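In what follows, a structure is listed as structure tokens, so that the remarks can point back to it.
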2 protein chains.
Amino acid sequence: MKKRANLRDVAQRAGVSVATVSRVMNTPARVSPDTRNRVEAAMSDLRFTPSAAARAINTGRTQTVAALLPTLANSTFARFADGLEARLGAFGLSLVVATTGEDPEVELARARQMLNIGAEAIIVTGASQSADFRAFVERHMVPTVSVSLFQQDAWLPTIGYDNQKAVLLALDHLMQLGHHKIAVVHGPHGHNDRTRIRLEALKQAEVAANGALTFRYFEAPFSVQGGSEAAARLLAQRGDETAVLAFTDVLAGGVIHRLHSLGLKVPQDFSVVGMEDLPSSASLYPPLTTVHLPVRRMGEQAAEALAQWLDNGIRPDHQELPIELAARSSSVARQT
Amino acid sequence: MKKRANLRDVAQRAGVSVATVSRVMNTPARVSPDTRNRVEAAMSDLRFTPSAAARAINTGRTQTVAALLPTLANSTFARFADGLEARLGAFGLSLVVATTGEDPEVELARARQMLNIGAEAIIVTGASQSADFRAFVERHMVPTVSVSLFQQDAWLPTIGYDNQKAVLLALDHLMQLGHHKIAVVHGPHGHNDRTRIRLEALKQAEVAANGALTFRYFEAPFSVQGGSEAAARLLAQRGDETAVLAFTDVLAGGVIHRLHSLGLKVPQDFSVVGMEDLPSSASLYPPLTTVHLPVRRMGEQAAEALAQWLDNGIRPDHQELPIELAARSSSVARQT
DNA sequence: CTGAAAGCGCTAACAA
DNA sequence: TTGTTAGCGCTTTCAG
């Protein structure tokens with residue numbers, strides 16, 4: 001068994017120097033067509049595959065960027081990754097993804113792994129990483145940006161939307177429709193600062209409304225199933241809520257599903273509003289009113305920010321992405 | 001500005017040799033606790049970050065695997081990637097993803113890029129890559145597997161489900177319910193062999209039924225919008241179809257949505273069956289009857305197959321994943 | 001347990 | 001246009 005051919009083997013077979021072979025790969029214009037052909041022939045004869053590692057050690061670049069995401073099994077993160085990857089590709093960069101399950105320890109371990117394989121930059125979700133994670137990033141001075149939120153005072157450059165605005169957009173919509181007793185369905189917030197920010201915004205609004213607004217909170221796993229269970233709990237101990245505000249469309253979908261199967265109607269019995277705007281949300285039954293979050297665009301902007309950072313060494317600014325309410329049929333004026 | 005510290009710098013500062021520093025990183029047990037501490041101190045003093053490239057050039061491994069997917073903005077591929085990534089991680093491997101948009105030229109270009117950054121293995125979708133792609137893989141002898149179908153005579157090891165069985169599962173279900181005039185909604189099949197296989201299976205069934213079964217085919221883009229347009233065309237020139245068989249749940253969702261908005265009822269006016277079983281399909285209205293395809297599991301198995309291939313050099317066998325019909329409420333017996 | 005030294009495969013001056 | 005050569009940063013024998 002013979003090992004992989006290297007530059008020397010190719011050079012020898014083509015009767016040229018290694019430098020020439022290298023030039024054929026990198027600056028073919030500077031090699032005479034004649035020798036170039038000989039070299040290329042030798043390459044394919046020997047099934048030559050250049051070593052990425054050897055190249056990287058010389059150029060100092062791996063052309064690789066890492067994204068640390070809670071999961072890919074969620075349309076929002078997947079579409080983000082899709083936009084990110086597409087745009088990175090335009091800069092000649094490749095995307096390596098690692099999922100963390102929103103576990104800070106895993107997140108740190110994955111970040112380590114990403115540097116071990118040569119990632120030049122990192123993208124993380126949210127801005128509330130562990131102190132260890134922060135120390136890690138600072139120690140290795142690896143360009144890192146945070147996505148899914150926009151927060152001027154975050155420790156990393158953030159590229160995302162204002163989660164407070166987002167939830168208030170949904171809330172205002174419901175209030176304008178006359179709803180003031182609202183069930184809030186949200187995911188676990190232990191390690192999720194987007195959820196925390198949204199909850200906080202709601203609590204402030206409740207206080208500011210001075211009694212004119214009341215919420216009942218239901219925490220559930222981030223899944224259709226979770227939303228469904230939350231709705232079950234809501235009805236098991238039914239209050240006088242007339243609307244449901246879910247922090248994600250997936251949860252909203254679960255809520256609606258359970259409401260239907262318990263014989264209730266949306267929006268007649270409950271107005272339901274989500275957040276995210278999944279591609280499928282417009283074709284739910286009824287079409288879901290939700291806050292549109294431009295996640296694909298977020299991926300593209302993150303790609304550009306990172307590509308430039310790697311290029312010119314200048315840390316990017318925070319970037320806020322516009323959000324808007326997508327009013328559809330799952331919400332109507334309160335029945336009086 | 002001083003450049004990144006390397007092994008020599010660390011060795012010098014700790015008063016040891018580079019070999020010792022290397023051991024601290026790779027086989028810490030073989031270094032006395034005392035010197036180990038000195039070395040670690042030196043490392044953090046100098047903010048030492050080992051060079052992945054240098055390591056890779058010596059070990060000959062990059063611990064990186066590439067997946068070439070049509071897109072990530074589709075729950076099925078995203079969940080596949082999620083399972084793949086999670087399982088690869090267990091083997092210490094990282095996943096780099098590249099999207100191809102189902103364009104063979106892009107696919108080849110991306111494969112090149114993946115080798116350029118050092119991917120040790122490649123995962124592709126389907127088994128009908130271009131001749132150039134095939135030549136590329138063979139020339140570089142990079143371990144490559146194909147997913148989303150199971151096909152014994154494919155040029156690559158395939159890990160997936162039998163698409164013929166899958167579509168027949170859906171068809172049999174409809175036939176058992178008494179439907180024999182069926183609208184088939186499918187995506188473009190130019191570069192998609194899974195779609196071609198399914199169409200072929202249907203055509204054979206039609207012939208075999210000898211007149212007792214008729215299909216009308218509607219091609220549409222792989223999106224909710226596409227499904228919706230297909231339904232519009234179906235109704236614009238309405239035949240006597242009583243059921244719709246869609247090749248993906250996304251298309252089925254679009255069909256149902258349009259049917260509803262045109263005042264028709266599912267399943268009363270049309271039974272609708274999909275294929276995929278997205279997490280959201282069970283909470284559509286009505287819950288969608290569909291063929292369950294275990295895509296996450298497929299990702300896990302692909303990861304294992306590749307990890308072993310890289311480990312022992314033995315090309316894996318084809319692997320068939322089980323599929324089953326998920327009968328829900330969108331399909332009922334034909335109204336007579 | 002530790003060190004010296006020989007590469008790994010390639011790029012990039014610098015020469016010719 | 002082409003060749004020579006000195007590394008890049010690390011791992012890994014082989015000695016001690």
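This one's a predicted model, so the numbers in the text were calculated from it and none came from an experiment. Just so we're on the same page: letters track the sequence lines, and every chain starts at 1.
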(request) Using whole Å, report how far CG of A:Asn6 lies from P of C:dC8. (result) 8 Å
(request) Report the distance from atom CG of A:Leu7 to atom C1' of D:dT5, rounded to the nearest whole Å. (result) 14 Å
(message) What's B:Ser32 touching, base or sugar-phosphate or nothing? Going by heavy atoms closer than 4.0 Å.
(response) sugar-phosphate
(request) Please check if atom CD in A:Glu105 has more than 12 non-hydrogen atoms from other residues, nucleotides or ligands closer than 6.0 Å. (result) no
(message) Please report the distance, rounded to the nearest Å, between CG in A:Asn58 and C1' in C:dT11.
(response) 4 Å
(request) Would you indicate, yes or no, if D:dT11 has its OP1 or OP2 atom less than 4.0 angstrom from a side-chain nitrogen or oxygen of B:Thr59? (result) no
(message) In whole Å, I'd like the distance from the CZ atom of B:Arg4 to the C1' atom of D:dC10.
(response) 12 Å
(request) Please report, rounded to the nearest Å, how far the P atom of C:dG9 is from the CE atom of A:Met25. (result) 13 Å
(message) Does A:Val21 reach a base, just sugar-phosphate, or nothing at all? Heavy atoms under 4.0 Å.
(response) nothing
(request) May I have the distance from A:Arg55 (atom CZ) to C:dA12 (atom P), rounded to whole angstrom? (result) 10 Å
(request) Using whole Å, report how far CZ of B:Arg8 lies from P of C:dG3. (result) 15 Å
(request) Report yes or no: do A:Gln151 and A:Thr158 form a side-chain donor-acceptor pair below 3.5 Å? (result) no
(request) Have a look at B:Arg23 and say if it touches a base, only the backbone sugar-phosphate, or nothing, with a 4.0 Å heavy-atom cut-off. (result) base
(message) Counting only side-chain nitrogens and oxygens, does B:Ser17 get under 4.0 Å of the OP1 or OP2 atom of C:dG3?
(response) yes
(request) Taking atom CZ of A:Arg38 as the centre, report whether more than 12 heavy atoms of other residues, nucleotides or ligands fall under 6.0 Å from it. (result) yes
(message) Between C1' on C:dG9 and CG on A:Asn26, what's the gap in Å once rounded to a whole number?
(response) 13 Å
(request) Compare all side-chain heavy atoms of B:Leu84 with those of B:Glu300 and state whether any distance is below 4.5 angstrom. (result) no
(request) Give a yes/no on whether any side-chain N or O of A:Ser22 is located under 4.0 angstrom from OP1 or OP2 of C:dT11. (result) yes
(message) What I'd like to find out is whether the side chain of B:Pro188 reaches to under 4.5 Å of the side chain of B:Phe222, using heavy atoms alone.
(response) yes
(request) Take B:Ala54 and B:Val31, find for each the nucleotide of DNA chain C with the closest heavy atom, and name the residue whose nucleotide sits nearer the 5' end. (result) B:Val31
(request) Starting from the 5' end of DNA chain C, give me the residue, A:Phe48 or B:Val16, whose nearest nucleotide shows up first. (result) B:Val16
